[in-house]
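First the structure, in the form of structure tokens, and then the observations on it.
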Amino acid sequence: MVIKDFSYWKDCIDTINEENRVFKYSAIEGGLMGKKVKSTSFELKFEAGANGGSLCKLNSEYESIEESLPTEAETKEMMGSMLAMFRAIEGYPVANPDVYV
């Protein structure tokens with residue numbers, strides 16, 4: 001799945017806090033970087049969910065270029081591409097349960 005302006009995305013891991021199950025990273029290239037935003041950072045926090053699953057809470061912050069905020073459609077497109085990536089990542093261990101011990 002390739003979404004306009006999101007054919008690639010390069011990130012930098014800022015923090016991994018295993019004890020609190022928090023993962024922070026920043027986008028450094030791709031997507032709307034340099035087009036509409038100067039910087040973008042994300043924080044993922046994983047919590048125990050119902051039935052032994054987990055819940056992921058996502059917080060994102062960005063600095064826009066010259067008051068050029070991403071449109072609602074661009075924001076939905078970005079979130080859709082992130083959700084697709086998370087589902088693909090989640091799908092691998094579910095389809096290959098012997099990979100992780």
Side-chain angles (χ1 to χ4, degrees):
M1 167 194 247
V2 176
I3 299 174
K4 183 188 110 200
D5 286 329
F6 296 96
S7 60
Y8 83 100
W9 186 288
K10 195 177 205 180
D11 296 317
C12 175
I13 297 172
D14 299 320
T15 305
I16 297 175
N17 183 323
E18 291 182 31
E19 182 178 338
N20 294 317
R21 297 184 182 117
V22 175
F23 176 71
K24 295 180 183 180
Y25 66 99
S26 301
I28 57 174
E29 194 175 302
L32 297 177
M33 296 297 296
K35 297 175 185 175
K36 293 213 173 191
V37 295
K38 291 180 187 178
S39 63
T40 306
S41 62
F42 301 92
E43 177 182 278
L44 300 168
K45 181 171 177 123
F46 297 89
E47 299 175 352
N51 303 318
S54 61
L55 177 66
C56 177
K57 293 183 178 181
L58 169 67
N59 182 43
S60 63
E61 295 181 5
Y62 60 86
E63 182 181 359
S64 64
I65 295 174
E66 299 177 6
E67 304 296 322
S68 178
L69 296 174
T71 65
E72 184 176 339
E74 288 169 328
T75 300
K76 284 182 180 181
E77 188 175 38
M78 180 173 60
M79 297 308 291
S81 67
M82 290 179 67
L83 183 58
M85 177 186 67
F86 292 142
R87 287 194 174 144
I89 292 168
E90 174 187 51
Y92 183 81
V94 169
N96 302 281
D98 297 331
V99 173
Y100 298 95
V101 180

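Every value quoted in this text rests on a predicted model; they were computed, and no experiment measured them.
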Does T15 reach the side chain of F23, with side-chain heavy atoms less than 4.5 Å apart? no
Are more than 12 heavy atoms, taken from residues, nucleotides or ligands other than I13, located less than 6.0 Å from that residue's CD1 atom? no
Does L44 offer a backbone N or O that forms a donor-acceptor pair with the side chain of N59 under 3.5 Å? no
Donor-acceptor pair, N17 side chain versus N20 backbone, under 3.5 Å? yes
Using a strict threshold of under 4.0 Å (side-chain N to carboxylate O), is an ion pair present between R21 and E47? no
Value rounded to 0.5 Å, distance of SG in C56 from CZ in F46: 4.0 Å
Measure the NZ-CD distance between K24 and E43 for me, rounded to the nearest 0.5 Å. 4.5 Å
Candidates I16, D11, T40 - the one meeting side chain to side chain contact (heavy atoms under 4.5 Å, CB included) with Y25: D11
Given S41, which of S60, C12, S26 fulfils the side chain to side chain contact (heavy atoms under 4.5 Å, CB included) condition? S26
